[in-house]
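First up is the structure itself, then whatever we jot down about it.
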Amino acid sequence: MLYSLLRKFLFLLDAEKAHYFTMDVLKVICKLPFAKQIIRKIFCPPDSPVTLCGLQFKNPVGLAAGFDKNAKYLDELSLLGFGFIEIGTVTPLPQSGNLKPRLFRLPKDQALINRMGFNNDGVEKVADRVKIFKEKNRSKTIIGGNIGKNKITPNENAWKDYETCFLKIAPATDYVVVNVSSPNTPGLRDLQQKEELKKILAHLIFLNKEKKYFKPIFLKIAPDLNQNDLDDILNLAIEIKLDGLIINNTTISREHCKTKREKIDKIGAGGLSGKPLLDRSNDLIKYVSDKTNQKIPIIGSGGIITAGDAIKKINQGSVLIQIFTGFIYQGPSLISKINKKFREM
Ligand SMILES: Cc1cc2nc3c(=O)[nH]c(=O)nc-3n(C[C@H](O)[C@H](O)[C@H](O)COP(=O)(O)O)c2cc1C
């Protein structure tokens, strides 16, 4: 109720500005006496622990990558009840991303289109922020680090960018996600080809053991993969004993949207997220779960707007789920609603 009023106001602002405005206001509120305790009391659900790859998640509801790219709001976000928060995508060098505007709402569809382009402060700064948060993290929220390559790095050298990011982010976070599935960095999705991917992942798995980080490594895939490429990835994941898959990133498809075609076309390129992605994402989760005999843990991401959507993702084979667009449209109460339904399962 309160959030729907606030959303009316926020949706009058440019989408990206509204995002930072909301988070900055929350930061200021949290500085008031007793504010943190009150917010925690209102929003944090009772624990419903889930264990994955040796990590204890307070609950299965995570914040997907891209919301807190620079790990600037971990204190505030951890008060809202998330079981885990994924920061990034970070790249070795800071980069400003694509020209603005680059984030658009499709309210009729409870969806977003973004072409942010990995705008971030660079892995070094972000890893330092995570370390500081972790030192005083009373809520024990699990933090994942999502890594990518700089726009200027040619694909043949991409593995070096992932190496640089991994060596910085792995010591700071609880798990690491290799993102080769964003549609907003030219050529990035080509890294989902088996040989390219093997070069990156096998190297990180080697470094993980050599440096004794032993951090789970997950791969985030696109919902637009063709059948051959998807099956190749699944075979590779089993072969190299990947710790898990995040299914999935945003889509380049514009199917299942109620918004007028002219409006969508006018927005232009970018990844679509939110409700129109739900069925495609759930089908993909089910396919992967069946095809691998549940050998590869799945984190389900894409289109969760209601608690029921999240439970469906779990029933299709996800161990954990992540939200982003649904969090923008429904507000923080979505987290406790999902958790309530999860406890009733
Ligand atoms: C504005 C925006 C920025 C995003 N940035 C990233 C990113 O940097 N890295 C990434 O792996 N996914 C990114 N995503 C994708 C989300 O993490 C998520 O996988 C996707 O939006 C589907 O979930 P949803 O339908 O709940 O939003 C971004 C999504 C949005 C809307």
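Everything numeric here is computed off the predicted structure, so don't read it as measured data. All ligand and atom numbering here is 1-based and tracks the order in the structure. We count residues from 1, following the sequence as given.
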So, taking the atom named NZ in Lys313 and the one named OG in Ser281, what distance separates them when rounded to the nearest 0.5 Å? 3.0 Å
Indicate yes or no: does an N/O atom of Thr250 lie under 3.5 Å from an N/O atom of ligand 1? no
Starting from atom 28 (C) of ligand 1, which protein heavy atom do you reach first, and at what distance in Å? Ala65 O, 3.7 Å
Relative to ligand 1, is Asn248 under 4.0 angstrom through side chain, backbone, both or neither, heavy atoms considered? backbone
Would Gly303 count as a contact residue for ligand 1, given that I'm defining contact as a non-hydrogen atom of the residue lying under 4.0 Å from a ligand atom? yes
Ligand 1 versus Thr89, non-hydrogen atoms closer than 4.0 Å: side chain, backbone, both, neither? both
How far apart are the C-alpha atoms of Ile304 and Ile338, what are their side-chain angles, what is the distance that settles it, and do they pass the side-chain contact (heavy atoms from CB on, under 4.5 Å) test? CA-CA 10 Å; Ile304 296 173; Ile338 297 174; 4.1 Å; yes
What distance do Ile305 atom CD1 and Leu278 atom CG have between them, rounded to the nearest 0.5 Å? 8.0 Å
Short N-O contact, Lys275 and Asp309, less than 4.0 angstrom: yes
With Arg105 as the cation and Phe11 as the aromatic partner, state whether NZ or CZ is under 6.0 Å from the six-membered ring centre and within 45° of the axis. yes
Strictly below 4.0 Å, N to O, side chains only: are Lys198 and Glu239 in salt-bridge contact? yes
For Thr141 and Ser78, test the side chains for any donor-to-acceptor distance below 3.5 angstrom and give the result as yes or no. no
Any idea which protein heavy atom is nearest atom 4 (C) of ligand 1, and the distance to it? Gly66 CA, 3.7 Å
Report the part of Thr325 (side chain from C-beta onward, or backbone N, CA, C, O) that has a heavy atom under 4.0 Å from ligand 1; answer both or neither where that applies. both
Please determine if Lys220 has a nitrogen or oxygen closer than 3.5 Å to a nitrogen or oxygen of ligand 1. yes
Just to be sure I read this right, does ligand 1 sit under 4.0 Å from the backbone of Lys69, its side chain, both, or neither, counting only heavy atoms? side chain
